[in-house]
Amino acid sequence: TGNHWGYGKEDGPSLWHKNFPIAEGHRQSPIDIIPHEASHDRSLGPIILNYDRCTSINLSNNGHSVVVEFDDSDDRSVIEGGPLDNPYRLKQFHFHWGGKGCEGSEHTVAGNGYASELHLVHWNAVKYRTFGEAATAPDGLAVLGIFLDTGDEHRWLHIITDALYMVKYKGSVTNFKGFNPKCLLPSSLHYWTYLGSLTTPPLHESVIWIVLKEPIMTSEKQLGKFRMLLFNGEEEDQRAHMENNFRPPQPLKGRKVRSSD
Ligand code: SG4
Ligand code: ZN
């Protein structure tokens with residue numbers, strides 16, 4: 001079909017431009033971040049995550065990733081500060097990851113990838129009425145990216161990985177109440193920031209990216225549980241394990257990456 005896309009040979013990132021010409025636009029994501037080329041900007045304040053009263057709703061497999069959705073009907077969970085002019089509401093978070101022994105992050109640092117990348121997607125409810133409206137505006141979204149490195153088991157990530165068997169197939173959803181993503185943050189909130197896009201179709205150029213410098217740790221065993229998920233639905237007979245669901249770095253095209261420290 002016309003707007004079908006994925007991460008395979010026939011529908012992967014190198015072909016997305018056919019149906020989504022913005023794929024070759026001027027502020028596409030992800031990018032390779034070159035630390036010594038990022039400019040330290042003294043005007044950049046710390047980022048503040050107000051997730052204290054945040055309310056997760058469910059966990060789902062949308063055929064591209066695994067997503068935890070939040071109640072975004074008021075300002076109870078927001079990100080503010082840093083490059084942002086006003087608070088942005090938490091809408092959902094999801095992950096990108098590789099195959100066994102492979103890279104899996106979307107952003108890379110000096111050419112090096114991590115095993116996985118967590119994205120916390122927030123929208124500008126001060127300027128826009130709905131998430132959909134914000135998703136097409138140049139300052140509509142703020143995505144916080146966090147790298148996952150392999151090593152020791154993560155103390156809290158198991159709450160997610162233990163639930164993944166319930167959303168094995170595309171289209172499956174399960175209740176997921178009371179999860180606060182604060183437990184997934186590294187100790188330092190130093191970051192890089194730049195203007196970019198969604199990393200999947202429709203690739204809208206609407207994202208203020210905030211990528212944390214310090215990764216969190218996860219074990220191969222926990223990553224293996226992500227790779228048990230399937231890209232396909234329960235009724236399809238073609239089984240395809242969900243892995244390598246990341247877009248490679250895109251040309252910087254003159255953009256500046258700023259550093260918080
Ligand atoms: C993943 O495919 C998520 O599952 C999508 O979330 C998300 O779309 C998409 O990535 C792009 O987001 O932070 N990587 S990204 O740029 O957030 C949106 C859902 O489809 C619009 C819920
Ligand atoms: Zn993402």
Side-chain angles (χ1 to χ4, degrees), residues 5-8 11-17 20 22-35 37-38 61-68 79 83 91-122 135 140-150 154 157 160 181 184-186 191-218 222-223 226-227 229 231 241-253 255 257-259:
W5 62 272
Y7 293 96
D11 60 4
S14 66
L15 303 169
W16 292 350
H17 69 97
F20 306 93
I22 195 67
E24 298 176 320
H26 281 77
R27 59 175 273 194
Q28 287 291 295
S29 293
I31 58 165
D32 178 39
I33 297 167
I34 304 172
E37 287 183 2
N61 173 339
N62 64 12
H64 305 295
S65 183
V66 61
V67 184
V68 174
I79 183 172
K91 161 89 171 162
Q92 49 102 335
F93 70 77
H94 61 269
F95 297 84
H96 302 264
W97 61 91
K100 216 175 172 179
C102 283
E103 314 268 70
S105 64
E106 298 213 293
H107 290 91
T108 55
V109 181
N112 298 117
Y114 286 92
S116 170
E117 190 171 329
L118 161 62
H119 289 156
L120 293 134
V121 180
H122 308 75
L141 305 181
V143 182
L144 180 66
I146 303 176
F147 295 119
L148 278 73
D149 204 351
T150 37
H154 191 280
L157 193 65
I160 294 165
L184 299 178
L185 301 173
Y191 61 90
W192 293 290
T193 183
Y194 75 98
L195 299 178
S197 71
L198 294 177
T199 65
T200 69
L203 300 165
H204 295 314
E205 296 189 328
S206 57
V207 181
I208 300 172
W209 277 96
I210 301 169
V211 179
L212 297 188
K213 296 185 179 184
E214 186 186 336
I216 58 171
M217 286 292 176
T218 183
Q222 289 181 323
L223 284 167
F226 283 95
R227 300 184 191 116
L229 296 168
F231 279 129
H241 282 273
M242 188 179 278
E243 56 186 16
N244 298 314
N245 58 351
F246 61 94
R247 186 189 198 195
Q250 302 301 305
L252 201 53
K253 300 197 175 170
R255 285 174 289 176
V257 177
R258 295 184 293 158
S259 170

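Quick caveat: nothing in here was measured; it's all calculated off a predicted structure. Along the sequence shown, residues are numbered consecutively beginning with 1.
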Legend entry - Side-chain heavy-atom pair I146, L184 within 4.5 angstrom cut-off: no
Legend entry - Side-chain heavy-atom pair F93, L144 within 4.5 angstrom cut-off: no
Legend entry - Parallel, tilted or perpendicular, as decided by the 30° and 60° cut-offs, for the rings of H107 and Y194: perpendicular
Legend entry - pair H154-I216: side-chain heavy atoms closer than 4.5 Å: yes
Inset, instruction - Take T218 and W97 through the side-chain contact (heavy atoms from CB on, under 4.5 Å) test and state the conclusion after the steps. - result: CA-CA 12 Å; T218 183; W97 61 91; over 6 Å; no
Inset, instruction - With rounding to the nearest 0.5 Å, note down the distance linking CG in L118 to CG in L120. - result: 4.5 Å
Legend entry - Donor-acceptor contact present, side-chain E103 to main-chain G113, <3.5 Å: yes
Legend entry - Student check: side-chain heavy atoms of H94 and H119 closer than 4.5 Å: yes
Inset, instruction - Indicate yes or no: at least one non-hydrogen side-chain atom of K213 is less than 4.5 angstrom from one of S259. - result: yes
Inset, instruction - Look only at the side chain of E106 and the backbone of P30, and say whether a donor-acceptor pair between them is shorter than 3.5 Å. - result: no
Inset, instruction - State whether the side chain of S105 and the backbone N or O of S116 hold a donor-acceptor pair below 3.5 Å, judged by distance alone. - result: no
Legend entry - Shortest non-hydrogen contact from T150 toward A115: CG2-CB, 3.9 Å
Legend entry - Check: H204 and L141 side chains under 4.5 Å, non-hydrogen atoms: no
Legend entry - Shortest non-hydrogen contact from I210 toward T193: CG1-OG1, 4.2 Å
Legend entry - Check: S197 and I22 side chains under 4.5 Å, non-hydrogen atoms: no
Inset, instruction - I would like to know whether H96 and T199 meet side-chain contact (heavy atoms from CB on, under 4.5 Å); could you show each step before the answer? - result: CA-CA 10 Å; H96 302 264; T199 65; 3.8 Å; yes
Inset, instruction - Assign the ring pair Y114 / F147 to parallel, tilted or perpendicular, where the plane angle (0 to 90°) is split at 30° and 60°. - result: parallel
Inset, instruction - Could you tell me whether H17 atom NE2 has more than 12 heavy atoms of other residues or ligands within 6.0 Å of it? - result: yes
Legend entry - 4.5 Å side-chain heavy-atom contact, I208 and L195: yes
Inset, instruction - Apply side-chain hydrogen bond (donor to acceptor under 3.5 Å, both in side chains) to K91 and list each qualifying residue two or more places apart in sequence or on a separate chain. - result: none
Inset, instruction - State, to 0.1 Å, how close H26 and E205 come at their nearest heavy-atom pair, and which atoms those are. - result: N-OE2, 3.4 Å
Legend entry - Exercise: identify the closest heavy-atom pair between W192 and L212: CZ3-O, 4.4 Å
Legend entry - Where Q222 and L157 come nearest, the two heavy atoms and their spacing: OE1-CD2, 4.0 Å
Inset, instruction - Taking all heavy atoms of A23 and all of L203, pick out the closest pair and write down the distance. - result: CB-CD1, 3.5 Å
Legend entry - Counterpart residues, side chain to side chain contact (heavy atoms under 4.5 Å, CB included), relative to P13 (two or more places apart): Y7, W16, R247, P248
